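Note that the coordinates shown come from a computational prediction; the quantities given were computed from them, not determined experimentally. Counting starts at 1 for both ligands and their atoms, in listed order.
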Amino acid sequence: MTMRHSTQPLRLGLGPLRSLSALLVGAASLTALPACDAAPTRGCPGTEIFIDGECVQPHMIRLNSVGYLPTRAKLASYVGDETSFQVMTREGRVVFEGSATTEVSARDSGERVRIADFSELEEPGEYWLEVPGVGRSPDFRIGDDVFHEPLVASLLALHGQRCGTAVELEWGEGTFKHAACHLEEAGLDYIDGEQGTKDATGGWHDAGDYGKYTVNGAFAVAFLLQAYEDFPDRLKDLELPIPERGGELPDILDEARFQLEWLLKMQLADGSVAHKVTAKNFEGNIMPEADHAPRFFVPAGTAATGTFAATLALAARVYEPFDPDFAATCLEAAQQAFDFLLENREDITPNQSDFRTGGYEAPGYDDERAWAAAELWETTGDPAALEEFELLARELGMSMLLNFDWSNSTNLALATYLRSEREGRDPDLVESIRATTLSTAQSLVENWKSHGYGRSVGSIYYWGINGVIARTAFNLVAAHRLDPDPTYLDAITGQLDHLFGRNPYGRSYLTGVGYRPPQFPHHRPSMASGGRFPWPGLLIGGPHSELFSDPAANVPEGLTWEDRAENYIHNEIAINWNTALVYALVAAE
Ligand code: 9MR
Ligand code: ZN
């Protein structure tokens, strides 16, 4: 079967000169998706990539193909004996010459790499890096605005996950759309004391599937709210081509509100919060509007109730200046959920045995309780919430996790308490949280410096690790608030370097952005439209300690990724990975 490939080079993004207004949804001429003869879903071995119908080896020089900020560190990695390297302008003029490090072991990809440091080059422009005998890197930019395009893309990607409404977005030459979906009410069959059905519309589809899961849904949107709270000046005027654009409420908070409105519908009469709303099985590879499988509320659990309480208490602070009524609604819901937790000290794990959709159980619920307490206290000053947080934090000896994900909210809890300006904190506890914040961030910095491809998490690999890598920006920001050492910021951009091409594949992990990004994400709307035209701005999960296609193959962990649509353990996308990336992109700037 032949395949038309028209996207070489695969840079579908805005490009530096293209104006945002050209992307506005509703613009007069919408381009149809290019035709496609087949739906290739295959992967390629090792670091090879699938281009024009075949597997080929990409560039051997791996760097941030999106670009570098002028004053931040600039590192590239390559395999080869030669140590001298040059950075050239697009016209081929040498602007920087340097000498790479001696070889560093990148044992997770079975390579020995050299690191080329060209941080001193600060002049904005378009460049490539060349190592004699090794080759030439993809083109990259240096500029203050290099992260604008991926930021817009990753926020638009969340917009594309909207459920219950029609969605249409443009990116590069493509238009990506789906009709209103999942409008039917969801069954209350599994909820004690309830019957019939209830509205569960709105919110974002979780990932490659169309389920909506409270724990991850709350955790994910919290990173947009946290980004706004930490960097309001950067975000208040950021324009997004979404229907609610403009007006007093910043566009990013319009997008977040879409998710929050759905979250509110997950709360039950006693203040507890339903764990998820999904069908009993994952959907087929169909567009969301074609999916009419009955959906059900799954019973409440402590994790859902805790993450809900925390996120809505945080939302109450963030929306207060713009919409006090909405803020009050969020706070009331958060308080009811928190009261439920205080009255029910026994943890509750929901029974999901009739469901084969995602579990999102987060056993060890104290961190969710602590996060809820910290956010409630920060929003209201309620001494009962402060007491609850401090009790849990002391009892558990809570310390910052180097790698953290949806199943553990410790870092969010500790960071909120630590940066609070409210009176009444326990000075010893503040001091110990300060120490763990700094020591964890120092480990992240050490890993960034010593790992061959700059991963802050070193050689840790599991499902969704790219999201975890992006999320380490949160810890680095927390440390930078305590100690304004710019190395923390270099480590943040270092994680973006990794995600945008300074990795063993030399490729961007964000669809539609950077050098040879993923083409076949495990994302139903992308798969349903033939698999050739992935929706933009989606961060894929990345290499994982487990293999998918050939479980017996002997492949180092760092080379397990496959750009293959069926492969959900490496090539799925998820809202919590995308919002972590949004946070990192905003923090980097
Ligand atoms: O991101 C989740 C990952 O941490 C888990 O290991 C994995 C298996 O439970 O589930 C991932 O989340 C998936 C969820 O269960 C269902 N929707 C897709 C999510 C992303 O792959
Ligand atoms: Zn939907």
Pair D563-Y505, side-chain donor/acceptor within less than 3.5 Å: no
Residue pair R524 / Y210, side-chain donor-acceptor N/O under 3.5 Å: no
In a simple table, one pair per line, please give the protein and ligand 1 atom names for every N or O pair closer than 3.5 Å, along with the distance.
residue: ligand 1; atom: 4 (O); partner: W406; partner atom: NE1; Å: 2.9
residue: ligand 1; atom: 12 (O); partner: Y360; partner atom: OH; Å: 3.2
residue: ligand 1; atom: 17 (N); partner: D206; partner atom: OD2; Å: 3.0
residue: ligand 1; atom: 17 (N); partner: D209; partner atom: OD1; Å: 2.8
residue: ligand 1; atom: 21 (O); partner: W463; partner atom: NE1; Å: 3.0
residue: ligand 1; atom: 21 (O); partner: E572; partner atom: OE1; Å: 3.0

Where the Zn ion (ligand 2) is the vertex, angle from H205 NE2 to C163 SG to 10°: 100°
Any side-chain donor near an acceptor of the partner, T214 and Y360, under 3.5 Å: no
Centroid-centroid under 6.0 Å between F176 and F533 rings: no
N, O or S atom within H182 nearest to the Zn ion (ligand 2), by name: ND1
Sidechain N-carboxylate O distance under 4.0 Å for R295, E283: yes
Aromatic ring proximity H570/F548, centre distance under 6.0 Å: no
Proximity of Y213 and W406 rings by center, below 6.0 Å: no
